[in-house]
There are 2 protein chains.
Amino acid sequence: MKLSEGVEWAIHACALLAAVPPRAALPTRKLAEFFDLPLAYLAKHLQRLSNAGIVIARKGPRGGYALARPAREISLLDIVEAIEGRSPCFSCTEIRRRGPSGAPATAYRRPCGIARAMWKAEKAWRAELARVSLREIQAMGLAETPAAQVKKATAWMETALS
Amino acid sequence: MKLSEGVEWAIHACALLAAVPPRAALPTRKLAEFFDLPLAYLAKHLQRLSNAGIVIARKGPRGGYALARPAREISLLDIVEAIEGRSPCFSCTEIRRRGPSGAPATAYRRPCGIARAMWKAEKAWRAELARVSLREIQAMGLAETPAAQVKKATAWMETALS
DNA sequence: GGCAGGTTACTCGGATAGCGATTGTCCGAGTTGATCTGG
DNA sequence: CCAGATCAACTCGGACAATCGCTATCCGAGTAACCTGCC
């Protein structure tokens, strides 16, 4: 039960993309430089985000990635699902049917109670993630980062886009 | 982001142990037989439950496993954590400190906002799992299983304990 | 008949291989911007 | 000086290895019941 670290990378990357001016794009190379992460592997995660329709890719010179929607309309859940997949964490293998006191599927009217409980908890988790938007994440980051670092980042962004 | 199937096995096993009369114990062999699961692998998970103090192991003839506490005092969270571990799903590697606009740890007063959001969602998930007790799981299973199967299971249990 | 000791069989527990998924990496396809040439 | 075609560099995208954790298994340690022999 461990989320891949790619989730963390993807969220940070999206948060940075939220700060990119409209009509501009940030290439993988620059993103990797900003976070000091391995370029090739970060590219793989950005590719996932692209496939999920969260970011838009632009090829060629002056190309790169940009958010596909306003930051307010992107939730943490969107990003997590893009990286980790949309399949449920808990998969019911219908153990109750097996063994000496089991019965064929037709005998059971409702899904397994254990699975229902697990799925309910999972739903609560997803709901909490869906509630927080990338916009809020970005705002939090700006508010809680030392002013000196924010200035550095702003300057870096300008040189990266020029 | 996938829970190991051992979690499902452990919960089913605990639910069955909840039906065992007081002072009696059910060995791994019988549990594996009841669910038609590989004995050696199921044993590994029961071992985890034992280490976590959820079940009590009794060695020797007429030995086996029994719940360490009343079913009402065992939550799904206890079982999940016993199998999957107690470490948080999302681990923050402090990406914000890295790269050209990073700063040493002392510059940041609060934990990373992304980590806080992820942990909050995780907390909601855990809370939901902690809310449902093994007692409820057992009751659900009894209520929703066809009467014929319940009778079979009861008979099986008597022969298993004799 | 009761009791003590030894035996036996049954149980758990940790240490040990195999495999799939995540991690990590690479080069080719595609596109855009700049350049160069001719009018 | 301008327009068009060419070129070249930069970008993403999917295909390809390596490593780690989950899956699966085994045999040894320990214990409680049982059986036997003796008192």
Side-chain angles (χ1 to χ4, degrees), chain A residues 1-10 13 17 20 23-33 35-66 68 80 82-85 87 89-91 93 160-162, chain B residues 1-10 13 17 20 23-33 35-66 68 80 82-85 87 89-91 93 160-162:
Chain A
M1 181 59 193
K2 162 178 80 69
L3 273 78
S4 82
E5 66 176 348
V7 170
E8 187 185 6
W9 297 9
L17 287 180
V20 171
R23 316 287 299 170
L26 212 54
T28 311
R29 185 177 189 81
K30 289 294 175 185
L31 280 165
E33 179 191 324
F35 294 117
D36 189 23
L37 293 176
L39 180 133
Y41 192 28
L42 177 62
K44 192 173 187 60
H45 295 308
L46 292 173
Q47 189 177 338
R48 294 264 183 101
L49 292 175
S50 176
N51 285 340
I54 294 176
V55 300
I56 292 289
R58 237 180 114 84
K59 287 187 178 180
R62 313 279 284 178
Y65 288 103
V80 170
I83 302 296
E84 294 282 331
S87 54
C89 305
F90 181 87
S91 62
T93 60
L161 293 176
S162 65
Chain B
M1 181 59 191
K2 161 179 79 71
L3 273 77
S4 83
E5 66 178 348
V7 170
E8 187 185 7
W9 298 8
L17 287 180
V20 171
R23 315 287 298 169
L26 212 54
T28 310
R29 184 178 190 80
K30 289 293 176 186
L31 279 165
E33 178 190 326
F35 294 117
D36 189 24
L37 293 176
L39 179 133
Y41 191 29
L42 177 62
K44 190 170 188 61
H45 294 307
L46 291 172
Q47 188 178 338
R48 295 266 183 100
L49 292 175
S50 176
N51 285 340
I54 295 176
V55 300
I56 292 289
R58 239 177 110 86
K59 287 186 177 180
R62 312 280 281 176
Y65 289 103
V80 170
I83 302 296
E84 294 282 332
S87 54
C89 306
F90 180 86
S91 62
T93 60
L161 293 177
S162 65

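All values derive from a computational prediction rather than experimental measurement. Residue numbers begin at 1 in each chain, while the letters A, B, ... track the order of the sequences.
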Closest listed nucleotide, where the reference is the side chain of [X] and the choices are [options]:
| X | options | answer |
| --- | --- | --- |
| A:Arg62 | C:dT23, D:dT25, C:dG33 | C:dG33 |
| B:Tyr65 | C:dA29, D:dG14, C:dG13 | C:dG13 |
| A:Ala57 | D:dA24, C:dT25, D:dC12 | D:dC12 |
| B:Gln47 | C:dG13, D:dT25, C:dT23 | C:dG13 |
| A:Ser4 | C:dG24, C:dT23, D:dT23 | C:dT23 |
| A:Pro61 | C:dA15, D:dA9, D:dG14 | D:dA9 |

Using a heavy-atom cut-off of 4.0 Å across all strands, would you classify A:Gly64 as base, sugar-phosphate, or nothing?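 Sugar-phosphate, no base atom in range.
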At 4.0 Å (heavy atoms only), tell me whether A:Lys44 reaches a base, stays on the sugar-phosphate, or touches nothing.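 Base contact.
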Check the phosphate of [N] against [X], side-chain N and O only, distance under 4.0 Å to OP1 or OP2. Yes or no?
| X | N | value |
| --- | --- | --- |
| B:Ser50 | C:dC12 | no |
| B:Tyr41 | D:dT23 | yes |
| B:Thr28 | C:dC12 | yes |
| B:Asn51 | C:dC12 | no |

Find the distance [X]:[atom1] to [N]:[atom2] and express it as a whole number of Å.
| X | N | atom1 | atom2 | result |
| --- | --- | --- | --- | --- |
| A:Ile56 | D:dC12 | CD1 | C1' | 13 Å |
| A:Leu161 | D:dT11 | CG | P | 12 Å |
| B:Lys59 | C:dG13 | NZ | C1' | 6 Å |
| A:Leu26 | D:dC12 | CG | C1' | 14 Å |

